[in-house]
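See structure below.
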Amino acid sequence: MFSALDGEDPITLFSALKTPCYIIDEVQLRKNGEILCKVAENTGCKILLAQKAFSNYNFYPLLAEYLSGTEASGLFEARLGYEEMPDKEVHVFCGAYREDEFDELLQYADHIVFNSPHQLKKFGFSAKEKGKSIGLRINPEFSTQDGHGIYDPCAYGSRLGTTRCQWDTEMTSELVALLDGLHFHTLCEQNADDLVRTVTAVENRFGDILPKMKWLNMGGGHHITRWDYAISLLERCITDVQKKWNVQVYLEPGEAVALNAGYLATRVLDIVQSGDICNAILDVSASCHMPDVIEMPYTPPLYGAMAEKSAHCYRLTCPTCLAGDVIGDYYFGKDLHIGDMLLFGDMAIYSTCKNNTFNGMPLPNIFRLNENRMCRQITDFDYYDFKMRLGSKKYSSSAR
Ligand SMILES: *Cc1c(COP(=O)(O)O)cnc(C)c1O
C-alpha cells in the first residue's frame with residue numbers, strides 16, 4: 001500500500017525532477033518523530049535513530065527535535081552521529097571491534113555495546129576508564145520471526161549476542177562488574193506483542209542479571225510508526241520493564257524513524273513484450289537502488305498501482321544486464337507508456353545508505369521535500385561517484 005502524500009498528486013508534484021531520484025519527505029519524518037517522541041514522553045524511555053537504516057544526515061537536525069541520539073554499527077556511523085547530531089547520545093554496537101579503530105571510537109561514543117565476553121574483556125576496561133557506559137549484547141535464543149531467516153539474530157548458531165550458556169562459562173565477576181547495561185536486538189518489522197514475548201524470554205534467561213543493570217537497550221525492529229502498531233502495549237511493556245528492574249529503557253529503531261518517508265521516482269524507458277509478460281524497463285535498478293527488494297525480498301509499494309488484478313499488468317524491470325534485476329509484477333488502470341513517471345513508496349529506509357553503482361548505474365540524486373511541498377536537491381552525484389570507488393588518482397600513475 002502506498003501511503004503518505006495525503007491528497008496530493010505526487011506525479012504532478014515531482015514532474016520537473018530528473019529521474020531517477022529519491023525524495024525524502026520532511027512532513028512524514030516529523031509525523032514519525034512525533035509518534036516516537038510521545039512514546040518517550042509517556043514512558044521515560046529514550047529512543048535513538050539506528051543509522052544503518054537511514055543515515056541522511058541532512059535530516060538529523062530535524063530528527064534531533066524528537067530523538068535522544070543515534071545508534072551506530074561501527075566507527076563511521078558513530079562519527080556521523082557525533083558530528084551531525086551534536087549534543088545527543090551516541091551509542092554503538094559492533095559484532096567485533098578493531099584494535100586500530102577503538103581509540104578513535106572512544107572519541108565519539110557514549111555507550112559501547114560488546115557482542116561477546118571476549119570483546120568485553122579486550123576493550124571494556126579501557127572504555128570504562130574513559131567514562132563510557134558499557135553494555136553486552138545478549139541473545140535470548142527466542143525467535144519470533146518467520147520467513148526472513150537472514151534477519152533473525154536468534155537463529156541457531158547465530159554469532160550475534162551472548163547466550164546464557166556462553167555467559168555462564170565466560171563471564172567472570174570482574175567482567176560482570178564492568179557492565180552498565182544489557183542490549184538485545186531480535187526483531188524485524190514486528191509489533192509490540194513479539195516484544196512482550198521476547199522480554200519474557202530475556203527475563204527467563206537473564207532475570208537475575210537485570211537488577212544489577214542501569215539500562216536495557218531493546219534494539220530495533222519495532223515498527224512503531226506503522227498504522228497498526230500497538231503503541232499502548234509497547235508503552236506498558238517499557239513501563240513494566242523499567243519498574244521491575246529499575247533500568248532506563250532504550251529503543252533504537254531504524255525503519256520506524258523514516259517509515260514511508262521517502263519516494264523513488266523513475267520513468268519508463270522501454271516496453272518489451274516477451275511471451276505473456278509485458279516488461280516495462282525503468283531508469284532505476286532494484287539491485288543498485290533498492291537492494292532490499294532482491295535481498296529481503298519484497299515488492300515495494302507503487303503510487304497508482306492497483307491491489308486487484310487488472311488487464312494492464314506490467315513486470316517492472318531495470319536496464320542493467322542482471323536478468324534478475326526485477327522489481328515485481330504490478331497492475332494498473334491503464335496502459336503504461338514510454339516516458340511515464342512512476343513513484344515507489346517507502347524508499348527512505350535501507351535505500352540511500354545501501355545503494356551502489358553496479359553496471360555503472362548512476363546514483364540517484366536525493367531531494368528534500370519540505371512542508372511547503374518544495375523540492376530541494378541535496379546531493380550532486382555524477383560519473384566520478386562511480387569512478388572514485390574503483391581507483392584513486394593518487395595511485396593511478398604508477399599502474400600505467
Ligand atoms: C538493524 C539494527 C537496528 C535497527 O533495526 P530496524 O529494523 O531498522 O528498526 C537497531 N539495532 C541494531 C543492533 C541493529 O542491528
Side-chain angles (χ1 to χ4, degrees), residues 29 32-33 35-36 39-40 45-56 59 63 66-78 80-81 89-97 105 109-116 119 133 135-140 143-145 147-155 158-162 181-192 194-195 198 202 215-226 229 231 234 238 249-262 290-292 295-296 298 346-354:
L29 273 183
N32 292 342
I35 292 169
L36 297 171
V39 170
C45 82
K46 292 188 180 184
I47 303 186
L48 313 167
L49 164 69
Q51 294 177 94
K52 83 166 190 276
F54 182 78
S55 21
N56 298 81
F59 298 86
L63 292 173
Y66 307 100
L67 303 175
S68 293
T70 54
E71 187 267 342
S73 317
L75 180 66
F76 283 1
E77 284 185 359
L80 191 70
E89 295 182 35
V90 175
H91 294 224
V92 59
F93 164 78
C94 182
Y97 295 101
L105 186 69
D110 301 302
H111 281 219
I112 300 183
V113 177
F114 296 96
N115 187 51
S116 68
Q119 282 254 308
S133 199
L136 183 73
R137 177 166 173 171
I138 55 169
N139 176 359
S143 287
T144 50
Q145 306 183 32
H148 303 306
I150 70 164
Y151 298 116
D152 186 5
C154 294
S158 170
R159 72 189 183 286
L160 295 166
T162 299
L182 296 182
H183 175 291
F184 68 82
H185 169 72
T186 68
L187 306 179
C188 177
E189 300 190 339
Q190 279 162 282
N191 213 315
D194 285 330
L195 174 65
T198 300
V202 168
W215 50 263
L216 177 64
N217 186 325
M218 309 207 288
H222 318 283
H223 236 189
I224 303 169
T225 52
R226 196 176 69 199
Y229 190 89
I231 290 180
L234 169 71
I238 294 169
V249 163
Y250 284 92
L251 302 180
E252 43 185 36
E255 287 213 13
V257 174
L259 196 67
N260 291 319
M290 37 184 136
D292 276 1
E295 216 172 274
M296 195 167 187
Y298 81 107
D346 199 19
M347 281 293 153
I349 49 174
Y350 296 103
S351 55
T352 52
C353 54
K354 215 176 165 178

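Order of appearance sets the numbers: ligands from 1, and atoms from 1 within every ligand. From a predicted model like this one, the values you see are computed outputs, not experimental measurements.
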Quiz item: Do the side chain of Ser158 and the main chain of Pro153 share a donor and acceptor less than 3.5 angstrom apart?
Solution: yes
Practice problem: Considering the heavy atoms of Gly254, write down every atom of ligand 1 situated less than 4.0 Å from one of them. | Solution: 4 (C), 6 (P), 8 (O), 9 (O)
Practice problem: Write out the residue and atom name of the closest protein heavy atom to atom 13 (C) of ligand 1, then the distance separating them to 0.1 Å. | Solution: Glu252 OE2, 3.5 Å
Exercise. May I ask you to identify the nearest protein heavy atom to atom 8 (O) of ligand 1, giving residue, atom name and distance to one decimal place in Å?
Key: Tyr350 OH, 2.6 Å
Quiz item: Does Tyr298 OH have over 12 foreign heavy atoms under 6.0 Å away?
Solution: yes
Quiz item: Is the ring centre of Tyr97 less than 6.0 Å from the ring centre of Phe114?
Solution: yes
Quiz prompt | N/O separation below 3.5 Å, Glu255 to ligand 1 | solution = yes
Quiz item: Taking N or O atoms only and a 3.5 Å limit, does Leu187 qualify as a polar contact for ligand 1?
Solution: no
Quiz item: Got a salt bridge between Lys52 and Glu71, using NZ or NE/NH1/NH2 to carboxylate O under 4.0 Å?
Solution: no
Quiz prompt | Under 4.0 Å to a heavy atom of Pro253 - the qualifying atoms of ligand 1, by number | solution = 9 (O)
Quiz item: Does the side-chain hydrogen bond (donor to acceptor under 3.5 Å, both in side chains) test come out yes or no for Glu295 and Tyr350, once each step is laid out?
Solution: CA-CA 11 Å; Glu295 216 172 274; Tyr350 296 103; over 6 Å; no
Exercise. Please find out if less than 6.0 Å separates the ring center of His183 from that of Trp215.
Key: no
Self-check item: For the student: nearest non-hydrogen atoms of Gln51 and Thr70, plus distance
Solution: NE2-CB, 3.7 Å
Quiz prompt | Nearest non-hydrogen protein atom, atom 4 (C) of ligand 1 | solution = Ala50 CB, 3.5 Å
Quiz item: From Lys46 NZ over to Asn217 CG, what is the distance, rounded to the nearest 0.5 angstrom?
Solution: 12.0 Å
Quiz item: How far is atom 14 (C) of ligand 1 from its nearest protein heavy atom, and which residue and atom is that?
Solution: Lys52 NZ, 2.9 Å
Exercise. Say whether Gly221 and ligand 1 are in contact under the criterion: heavy-atom distance to a ligand atom below 4.0 Å.
Key: yes
Practice problem: Say whether Cys188 and ligand 1 are in contact under the criterion: heavy-atom distance to a ligand atom below 4.0 Å. | Solution: no
Quiz prompt | Proximal ligand 1 atoms for His183, defined as those under 4.0 Å from one of its heavy atoms | solution = 13 (C)
